[in-house]
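Structure first, then comments.
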Amino acid sequence: MMNDATLRKIDLNLLLAFSVLMQERNVSRAAERLLLGQPGLSAALRRLRETLDDELFVRVGRGLQPTPRALSIAPAIEDALSGIERAIRPPTAFDPASWQGEFRVGMCDNLESAFFGPLVARLRLLAPGARLIGVAFDKRDAGRLLDEGAYDFSVSVHDEPASWHIRAPLFEQASVCIYDPHQTRLTTPLDFKDFAAAAHVTVSFEGNTSSNVDVALARTGHRRQVVATVPRFSALPTILRAMPAIATIPESIACCMAQLHGLAISKPPLELPAEPVTMLYRRVDRTDSRAVWFRRLFVEIVAESLEASGCLVGVSTAACCFDQVPLAEAV
């Protein structure tokens with residue numbers, strides 16, 4: 001059995017030289033294929049002969065005849081080189097039309113309401129064998145759930161990510177006011193006096209009643225009356241149609257609610273900071289063809305859905321898409 005010192009003397013170049021010589025049985029042709037001069041190939045062969053303590057090739061006329069030792073080791077060397085070639089070969093392009101499996105995405109319910117429906121509809125067209133799984137999550141657990149494989153990526157207002165994750169920008173999420181004009185008797189746009197005097201409904205997964213709206217109001221010396229807090233956005237339409245109240249929520253879901261439930265939308269009568277909605281995914285998935293395809297599809301759905309609902313916001317694509325091939329060409 002070879003010792004470690006002997007194995008270290010045999011590098012990939014020597015194995016390639018041996019393999020090509022076995023195929024060509026001619027130094028000139030082998031050197032040409034390897035882009036080496038004959039002296040370089042002869043030196044490589046000499047090192048291999050010394051290391052294996054065998055002649056390996058004997059000159060017969062103008063060609064080379066492999067020795068029994070060369071013939072015995074050739075299959076194993078070919079297998080090793082083939083394995084290396086398979087390992088470093090570029091991955092095949094993802095084919096959504098023939099793929100069978102799951103795509104998983106983590107979103108809170110406001111983004112889910114805006115994007116999940118159009119996403120699953122597009123997947124049915126492009127990847128009919130795929131299944132889309134939506135995973136509810138608290139953004140504080142986003143990184144842990146990602147590492148556990150709960151989803152391919154999450155979409156939220158994420159905190160600073162771990163070094164092994166990538167947080168890619170999607171869009172700036174503005175807040176708008178939504179209400180039932182028949183209940184509130186308010187006109188659009190809302191004025192500050194009506195906004196400050198109205199009853200308010202808030203959404204908080206943790207049950208908090210205070211938000212950036214209260215901070216902005218406090219700067220003006222005012223407070224609002226929060227009459228109810230719910231953990232999910234899906235409860236808002238029923239509440240707003242049952243009583244005169246205002247909710248200040250992300251524009252993306254407000255546009256969907258207004259269209260479905262006949263509610264009115266107004267720009268808030270005070271400055272509220274926009275929140276950065278981002279996509280969080282694992283760094284190891286950055287170049288994976290399946291993951292790239294799914295991320296790029298989601299970005300396209302976000303852009304189309306926001307535009308269709310009347311949200312005039314820009315959607316970032318550069319950080320979420322590893323390559324720039326149009327999605328239709330990748331199918």
How many angstroms lie between CZ in F195 and NZ in K193, if you round to the nearest 0.5 Å?
16.0 Å
Do L56 and R69 come within less than 4.5 Å of each other through their side chains, counting heavy atoms only?
yes
Working for side chain to side chain donor-acceptor pair (under 3.5 Å), residues H165 and D147:
CA-CA 9 Å; H165 294 158; D147 288 335; 2.7 Å; yes
Among the clusters formed by ILVMFWY side chains lying less than 4.5 Å apart, do L236 and L272 turn up in the same one?
no
Would you compute the distance between atom OG1 of T278 and atom CG of L280 and round it to the nearest 0.5 angstrom?
6.5 Å
E24/L64 under side-chain contact (heavy atoms from CB on, under 4.5 Å): CA gap, chis, key distance, verdict:
CA-CA 9 Å; E24 297 292 345; L64 297 175; over 6 Å; no
Give the C-alpha distance, both sets of side-chain angles, the deciding distance and a yes or no for side-chain contact (heavy atoms from CB on, under 4.5 Å) between L81 and L15.
CA-CA 8 Å; L81 292 174; L15 296 182; 4.2 Å; yes
Less than 4.5 Å apart, side chain to side chain, heavy atoms only: is that true for L297 and L119?
yes
Taking the six-membered ring for Trp, are F298 and F153 ring centroids under 6.0 Å apart?
yes
When rounded to the nearest 0.5 Å, the distance separating CD of E275 from NE2 of H158 is 12.5 Å
Cluster overlap V226 with L190, hydrophobic side-chain contacts below 4.5 Å:
no
Step through the shown structure and confirm whether more than 12 heavy atoms of other residues, nucleotides or ligands are within 6.0 Å of CG on D53.
no
For S98 and D95, test the side chains for any donor-to-acceptor distance below 3.5 angstrom and give the result as yes or no.
yes
Regarding T229 and T202, is there a side-chain donor-to-acceptor distance under 3.5 Å anywhere?
yes
Any donor-acceptor pair under 3.5 Å from S175 side chain to P250 backbone
no
R49, CZ atom: more than 12 neighbouring heavy atoms under 6.0 Å
yes
When you measure from the side chain of R232 to the backbone of V203, do you find a donor-acceptor pair of N or O atoms at a distance under 3.5 Å?
no
Between D288 and A291, is there a donor-acceptor pair closer than 3.5 Å when you use the side chain of the first and the backbone of the second?
yes
Rounded distance (nearest 0.5 Å) linking atom CG of D141 with atom OG of S154:
11.0 Å
Looking at every non-hydrogen atom in both residues, tell me the closest pair between A150 and V135 and how far apart they are.
O-CG2, 3.5 Å
Would a distance-only check, ignoring hydrogens and angles, find a side-chain to backbone donor-acceptor pair under 3.5 Å from R59 to Q65?
no
Under 3.5 Å donor-acceptor, R283 side chain and I166 backbone:
no
Is there a side-chain contact between S113 and F233, using heavy atoms and a 4.5 Å cut-off?
no
So, Q23 and R33: side-chain donor and acceptor under 3.5 Å apart, yes or no?
yes
With a 3.5 Å distance limit and no angle check, can you tell me whether D152 reaches the backbone of R104 through a side-chain donor-acceptor pair?
yes
In plain terms, say whether R140 and D159 are close enough for a salt bridge, that is, a side-chain N and a carboxylate O under 4.0 Å apart.
no
Hey, what do you get for CD (E304) to CD (E300), rounding to the nearest 0.5 Å?
6.0 Å
Taking C-beta and beyond as the side chain, do L71 and M22 meet within less than 4.5 Å on heavy atoms?
yes
Can you see which heavy atom on F103 is nearest to which on R290, and at what distance?
CD2-NH2, 3.5 Å
Check whether any side-chain heavy atom of L52 sits under 4.5 Å from a side-chain heavy atom of F18, and report yes or no.
no
Measure across C177 and I246 and return the closest heavy-atom pair with its distance rounded to 0.1 Å.
CB-CG2, 3.9 Å
Go through the steps for R282 and L146 under the test side-chain contact (heavy atoms from CB on, under 4.5 Å), then give the verdict.
CA-CA 7 Å; R282 301 185 307 167; L146 185 62; 3.7 Å; yes
Following the transitive rule for hydrophobic clusters with a side-chain heavy-atom cut-off under 4.5 Å over Ile, Leu, Val, Met, Phe, Trp and Tyr, establish whether V58 and L45 coincide in one cluster.
no
Flag side-chain contact, heavy atom, 4.5 Å: I265 against Y179
no
Nearest heavy atoms of V315 and A303, plus distance in Å
CG2-CA, 3.8 Å
Look at atom CD of Q259 and say whether more than 12 heavy atoms of other residues, nucleotides or ligands are closer to it than 6.0 Å.
yes
Flag for T67-D54: side-chain donor and acceptor within less than 3.5 Å:
yes
Between H200 and A228 (side chain of the first, backbone of the second, donor and acceptor by atom type, cut-off under 3.5 Å), is there such a pair?
no
Under 3.5 Å, side-chain donor or acceptor atoms of residues 35-44 against the rest of the protein: list the pairs with distances, not counting sequence neighbours.
residue, atom, partner, partner atom, Å
Q38, NE2, S28, OG, 2.7
S42, OG, Q38, O, 2.9

Should Y281 and R167 be marked as a side-chain contact (heavy atoms from CB on, under 4.5 Å) after you check the CA-CA gap, both sets of side-chain angles, and the distance that decides it?
CA-CA 7 Å; Y281 60 92; R167 182 178 61 177; over 6 Å; no
Taking atom NE2 of H261 and atom CD1 of I178, what is their separation to the nearest 0.5 Å?
8.5 Å
Kindly give the heavy-atom pair with the smallest separation between L263 and P237, and that separation in Å.
CD1-CA, 4.3 Å
Quick check: do I253 and F115 have side-chain heavy atoms less than 4.5 Å from each other?
no
Counting only heavy atoms not in E271, do more than 12 fall under 6.0 Å of its CD?
no
Is there a path from L12 to L34 through hydrophobic residues (I, L, V, M, F, W, Y) whose side chains come within less than 4.5 Å of each other?
yes
Q173 side chain to A274 backbone, donor-acceptor under 3.5 Å
no
Between S234 and D109, the two heavy atoms sitting closest are N-OD2, 3.3 Å
Are T220 and H222 close enough that a side-chain donor and a side-chain acceptor fall under 3.5 Å?
yes
Should R223 and D214 count as an ion pair when the cut-off is N to O under 4.0 Å?
no
In one Ile/Leu/Val/Met/Phe/Trp/Tyr side-chain cluster, 4.5 Å: V213, V227:
no
Between N26 (side chain) and R29 (backbone), is there a donor-acceptor pair under 3.5 Å?
yes
Within a strict 4.5 Å, meaning less than it, do heavy atoms of the L170 and S316 side chains meet?
no
